Novice: 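My questions will all concern the structure given below.
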Amino acid sequence: MGEVFRPKNSDEVSSAVKDALNMKASLELFGQGTRRSLGRPVKADASLDMSALTGVQMYEPEELVMVVAPGTPMREISQVLIEHNQQLAFEPPDYGPLWGLPADKGTVGGMIMTGRNGPRRLSAGGVRDYVLGVKGVNGFGELFVSGGRVVKNVTGFDLPKILTGSFGTLCAATEITLKLLPLPPEAATLVVSGLKDGQAVAAMTRVLTETSIPVSSAAHLPAEIAKLSRVDSISARQNSATLLRVEGFGPSVESGIQGLKKVFGSLSDMFVLDKAETQQLWKEVTNASFFIQTEKPIWKLSVPPSEAAAIMSKLGKGLTTQYFYDWAGGAIWIEAPASEDAGEAAIRGTLDSVVVGDGHATLIRASEEVRANIAPFHPLSPVLAAVEDRLRKQFDPQGMFNPGRMYGVRNAN
Amino acid sequence: MPAADAAIIGRRKEFVAELRKMVPGEGVIDDDASLAAYECDGLMAYRQRPLAVVLPETVEQVSQVLGYCHREGLKVVPRGSGTSLSGGALPLADGIVMAMGKFNKILEVDYANRCAVVQPCVTNAAVTERVTSEGFYYAPDPSSQIICSIGGNVAENAGGVHCLKYGTTSNNILGLQMVLMDGSVVRMGGKHLDAQSLDMLGLICGSEGLLGVVTEITVRVLRTPETQRALLLGFSDVESAGACVAKVIAEGVVPAAMEIMDRTAIHAAEAFVKVGYPLDVEALLLIEFDGSPVEVDHFIAMVNEIAKKAGAVSSQQSNSEEERKNFWAGRKAAFPAIGKISPDYYCMDGTIPRSKLPQALRKISELSDEFGLEVANVFHAGDGNLHPMVLYNADKDGDLEKAEQFGAAILTLCVELGGVLTGEHGVGVEKRDLMEVQFTEADLDQQLRVKCVFDDQGLLNPGKVFPKLRRCAEGGKMHVHHGELRFPDIERY
Ligand SMILES: Cc1cc2nc3c(=O)[nH]c(=O)nc-3n(C[C@H](O)[C@H](O)[C@H](O)COP(=O)(O)OP(=O)(O)OC[C@H]3O[C@@H](n4cnc5c(N)ncnc54)[C@H](O)[C@@H]3O)c2cc1C
């Protein structure tokens, strides 16, 4: 790795980028570097370390809005929000421990640019739904503003949407405006024990389609995964656990849980987790903590929820028994056996044959070598790939930012 | 608008003949009488007869027509139901209108995945109608919902009164199919929740027909809430109503909708629909809750308390569907009601940070004196989206110009207060020349580069959104200065 630029403000970012342009150098862009394990390893001529751009620049709780510098540690943001009973509603995951790093590290810029969503994606939306504005420096070295600080805004193209989750391949973000929501005061989870995959997906679907109970998240842990939970009542049963979370003010949570119990009827084996257990368990789901103990490859699939069990049954228990469902089936987490392709052929092949063009598999954990050789992001259709390629060039003509991190240039060898 | 190209206009007959080969029968309109129906959209002050109108019926036809126009350098304006309030669908003298009216089918309803796949000219309300019997609805609810199309909603990222809780169109679509200007067909998203790579779906939403013609949309449908109830709160000044909104949010409550009307709007609405609005207040705050009965009761009680402390001078709560609808009837009739008290009105759509509401209203009232035109205010208070209506008389010389200047001053004010030019109606032609108030040249340049990605010749809906287009070179120009590092003072290690 060559030179490291560590700008302290947006002018310095712009200068650094212009210098890199002059030198025809590529840049690896990072905050604390805690999310390097997502996507392809980047081999760049120099580094652009964004961690010196820090601070909450504006926070107006009654407006539900916050402006932050990208290098601000997530931990700091979480603390400020908790003091005001507010939150990032999409439940930003912390995969640090999955990658063998300490928990609770990383910057807000890294979180936004890697665009990963937690269990509440089902009800509250994803990162992209909470990024109102982004200021950044493009690959021309120009500082530009996109979006704004208000929720209702259709002025010009919605660039914050494509910048979110762009893995630092479009611009170096220097300021991010986030929409916040109040923290629900109460939470509880109804756990149904012993359902098989197909039954569990059907049950979650039934709750979401046949009732108006405001379930904020729905997941299913097969027995093999449930027993790894640190929540005793889940692991002790040695059985699968279907989880339905309700959050809000006391009366809403209570009536929601009562409603859920009615759906399943007295024949089901079910129990309720209180707020503390609910928080603990959903943190495990959010961070896929069940896979911390191993170093095997991990995939996250995004599929039409109703197809989840069919995909897993076709994939067969031969590949792995370590997997679970989130988003009522819309997300499948799979731990694959360590192999040259990390199970890519089997997983993507099965997915593509069951949902035909409607879903994708992203590699969340694998060795650097594996990630250099297989595509961490699901291959795009040729037309879309061409559009993306042109889009990247219009932000970054020289392909300077994080070359190859998502698609394109391979850095292996 | 960009000057019309006489050479293109001169080739009209040839274009029509060629287009008829692609879209046979009634699919190409070129007679003056029929073209008149397409002269304008909801922004009626602007009119233009297009060269021709094409009404494709299949994606294949859309692709052929766009590919042809791309080769011939013929401009295209996509059109849904033509309700845009910003002139987004305003035709061009030297371009065709691609009217999507025949794409009016709901292709699939998939309850298990809580979504529906629709063609772009299905109306917004038709989606909800179709899924109501199964207990579902489509959340974004622009007031134009019985006419406006889902494709138009996607293009404008349309909102509605309930987007405070449920988001705008962008937050409620999962996938789409689109035809690019060169005729290529592309799909993004589907019934799954997360973007595969870059969030193209998010970019297309709100792109005002400048990036592609949308031919299919997968929308999320939600379970209809068990109950809806509303509170109607009166205040003796608009500021207190605004402050009450902030307090509700500060207490951790996000209602389904929060709307404010000022005195002029209240009186106009009451005279028009007679729903029993209190007439001795300066502002009405309408707050709606939805969810389980227990939850809604809880919120009603809680917010009533908050409102009392915030100085509400009257409070009514709906105890039946009829009452709730009554509360809304006045708000929903605000626009036609204003039409009754004034020959013409000009509706603005800026958004401001909510805390700036008092400041904004004071300034708008000063501007009203300055321009000598009355103004009525309704707004989506929960998200700071203002809809000031400037009252004027088009028959009076200079009144329209004055109204437009007043409108521009209001929007400039919104930007000065930290807000934006448009919250839901789009930039179109109407606010195009104000874009520079909100954005720098570099900001606009980056957006224009994105335009180049999809439409390298600037043929798709030109003259909208951007004051001028840029030439598209792949990668564009670079300002590289060779030599020494110019910024030696940045910390390096
Ligand atoms: C009385 C009234 C009330 C309104 N209330 C609201 C409101 O509450 N909230 C709100 O957000 N808006 C509102 N509007 C504005 C308008 O209804 C919306 O902007 C709506 O989304 C436009 O849909 P449309 O089908 O009429 O689109 P059109 O007017 O036909 O077109 C609008 C834009 O979309 C483009 N377009 C249309 N179809 C396609 C397609 N298939 N592919 C690509 N581009 C396309 C056009 O080129 C144009 O730029 C209101 C309008 C009226 C007249």
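Treat the numbers as computed from the prediction; the structure is a model and nothing was measured.
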Novice: Measure distances from Pro379(A) to the heavy atoms of chain B and classify the residue's part below 4.5 Å as side chain, backbone, both or neither.
Specialist: backbone
Novice: In terms of heavy-atom proximity below 4.5 Å to chain A, should Arg354(B) be classed as side chain, backbone, both, or neither?
Specialist: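 Interface part for Arg354(B): both.
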Novice: Looking at chain B, which one of Leu64(A), Thr155(A), Leu159(A), Asn138(A) has the largest number of heavy-atom pairs inside 4.5 Å, strictly under?
Specialist: Thr155(A)
Novice: With sequence neighbours excluded, what pairs up with Tyr130(A) under the ring pair (Phe, Tyr, Trp, His ring centres under 6.0 Å) test?
Specialist: Phe90(A)
Novice: What closest approach, in Å, do His298(B) and Pro251(A) show between heavy atoms, and which atom pair accounts for it?
Specialist: ND1-CG, 3.5 Å
Novice: Side chain, backbone, both or neither: which part of Leu222(B) has an atom under 4.5 Å from a heavy atom of chain A?
Specialist: neither
Novice: Is it the backbone or the side chain of His380(B) that comes under 4.5 Å from a heavy atom of chain A, or both, or neither?
Specialist: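 Only the side chain of His380(B) comes within 4.5 Å of chain A.
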Novice: Looking at Gln438(B) and Gly147(A), what are the two nearest heavy atoms and their distance?
Specialist: NE2-O, 4.3 Å
Novice: Under 4.5 Å heavy-atom distance to chain A, tell me which part of Ser207(B) shows up: side chain, backbone, both or neither.
Specialist: both
Novice: Do you know which of Asn85(A), Val387(A), Val151(A) has the most heavy-atom pairs with chain B at a distance under 4.5 angstrom?
Specialist: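 Of Asn85(A), Val387(A), Val151(A), Val387(A) has the most heavy-atom pairs under 4.5 Å with chain B.
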Novice: Sort Glu60(A) into side chain, backbone, both or neither according to what part of it lies under 4.5 angstrom from a heavy atom of chain B.
Specialist: side chain
Novice: Is it the backbone or the side chain of Leu448(B) that comes under 4.5 Å from a heavy atom of chain A, or both, or neither?
Specialist: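 Neither part; nothing is under 4.5 Å.
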Novice: Which answer fits Leu434(B), side chain, backbone, both or neither, if we ask what part of it has an atom under 4.5 Å from a heavy atom of chain A?
Specialist: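 Interface part for Leu434(B): neither.
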Novice: According to side chain to side chain donor-acceptor pair (under 3.5 Å), who are the partners of Tyr166(B), at least two apart in sequence or on a separate chain?
Specialist: Asp290(B)
Novice: Name the region of Ala195(B), side chain, backbone, both or neither, that has any atom closer than 4.5 Å to a heavy atom of chain A.
Specialist: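 Just its backbone gets close to chain A.
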Novice: Atom OG1 in Thr440(B), atom CZ in Phe144(A): separation rounded to 0.5 Å?
Specialist: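 Spacing of OG1 (Thr440(B)) from CZ (Phe144(A)) equals 10.0 Å.
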Novice: Checking heavy atoms, do the side chain of Val185(B), its backbone, both or neither come under 4.5 Å from chain A?
Specialist: backbone
Novice: Quick check: closest heavy atoms across Ser170(B) and Lys161(A), and the distance to 0.1 Å?
Specialist: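 Scanning both residues, the minimum pair turns out to be OG-CE, 3.3 Å.
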Novice: Which residue out of Ser252(A), Ala361(A), Ser302(A), Pro185(A) racks up the most heavy-atom pairs below 4.5 Å with chain B?
Specialist: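 When all of Ser252(A), Ala361(A), Ser302(A), Pro185(A) are compared, Ser302(A) has the most.
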Novice: Name the member of Thr205(A), Ile213(A), Leu301(A), Leu208(A) that forms the most heavy-atom pairs with chain B at distances under 4.5 Å.
Specialist: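 Of Thr205(A), Ile213(A), Leu301(A), Leu208(A), Leu208(A) has the most heavy-atom pairs under 4.5 Å with chain B.
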Novice: Taking every non-hydrogen pair under 4.5 Å, which of Leu391(A), Val303(A), Val201(A) racks up the most with chain B?
Specialist: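 The answer is Leu391(A).
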Novice: Using a 4.5 Å heavy-atom cutoff, which residues in residues 120-129 of chain A come close to chain B?
Specialist: Arg121(A), Leu122(A), Arg128(A), Asp129(A)
Novice: Could you grab the distance from atom CZ of Arg390(A) to atom SG of Cys472(B), nearest 0.5 Å is fine?
Specialist: 10.5 Å
Novice: If you count heavy-atom pairs under 4.5 Å between each of Asp158(A), Leu384(A), Asp358(A), Ile162(A) and chain B, which one has the most?
Specialist: Asp358(A)
Novice: So what's closer than 4.5 Å to chain B heavy atoms on Arg206(A): side chain, backbone, both or neither?
Specialist: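 It is neither, since no heavy atom gets under 4.5 Å.
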Novice: Look up atom CG in Leu198(B) and atom CE in Met406(A), then write down how far apart they are to the nearest 0.5 Å.
Specialist: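 Leu198(B) CG to Met406(A) CE: 5.0 Å, rounded to 0.5 Å.
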Novice: What is the distance from atom CG of Leu181(A) to atom NZ of Lys165(B), rounded to the nearest 0.5 Å?
Specialist: 11.0 Å
Novice: Is it possible for you to check whether Arg449(B) lies under 6.0 Å from the centre of the six-membered ring of Phe140(A), through NZ or CZ, and within 45° of that ring's axis?
Specialist: yes
Novice: Below 4.5 Å from any heavy atom of chain A, which atoms of Arg220(B) appear? Answer side chain, backbone, both or neither.
Specialist: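 The side chain, not the backbone.
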Novice: Tell me which one of Thr351(B), Val420(B), Leu386(B) satisfies side chain to side chain contact (heavy atoms under 4.5 Å, CB included) with Lys152(A).
Specialist: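 Filter result, single survivor: Thr351(B).
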Novice: Can a donor-acceptor pair be found between the side chains of Asn117(A) and Asp194(B) at a distance below 3.5 Å?
Specialist: yes
Novice: Is it the backbone or the side chain of Ala328(A) that comes under 4.5 Å from a heavy atom of chain B, or both, or neither?
Specialist: side chain
Novice: Please flag which part of Met302(B) lies under 4.5 Å from any non-hydrogen atom of chain A: side chain, backbone, both or neither.
Specialist: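 For Met302(B), the contact with chain A is made by the side chain alone.
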Novice: Between Lys451(B) and chain A, with a heavy-atom cut-off of 4.5 Å, which part of the residue counts as in contact: side chain, backbone, both or neither?
Specialist: both
Novice: Anything under 30° is parallel, anything over 60° is perpendicular, the rest tilted; go ahead and classify Phe157(A) against Phe466(B).
Specialist: perpendicular
Novice: Would you say Ser197(B) and Glu388(A) are linked by a side-chain donor-acceptor pair, where the criterion is simply a distance under 3.5 Å?
Specialist: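 Per modelled atom types, Glu388(A) and Ser197(B) side chains form a pair under 3.5 Å.
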Novice: Taking all non-hydrogen atoms of both residues into account, name the closest pair between Val150(A) and Pro353(B) and its distance.
Specialist: CG1-N, 3.7 Å
Novice: Heavy-atom distances under 4.5 Å only: say whether Thr209(A) touches chain B with side chain, backbone, both or neither.
Specialist: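 The answer is both parts of Thr209(A).
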Novice: Side chain, backbone, both or neither: which part of Glu208(B) has an atom under 4.5 Å from a heavy atom of chain A?
Specialist: side chain
Novice: Tell me, please, which residues at least two apart from Lys464(B) pass salt bridge (Lys or Arg N to Asp or Glu O under 4.0 Å).
Specialist: none
Novice: For Asn113(B) and Pro304(A), which heavy atoms make the closest approach, and how far apart are they?
Specialist: OD1-C, 3.6 Å
Novice: Looking only at heavy atoms, what is the nearest atom pair of Gly156(A) and Gln447(B), with distance?
Specialist: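 The answer is CA-OE1, 3.3 Å.
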Novice: Of the backbone (N, CA, C, O) and the side chain (C-beta and beyond), which part of Cys163(B) lies under 4.5 Å from a heavy atom of chain A, both, or neither?
Specialist: side chain
Novice: Let me know if Asn385(B) has heavy atoms under 4.5 Å from chain A in its side chain, its backbone, both or neither.
Specialist: side chain
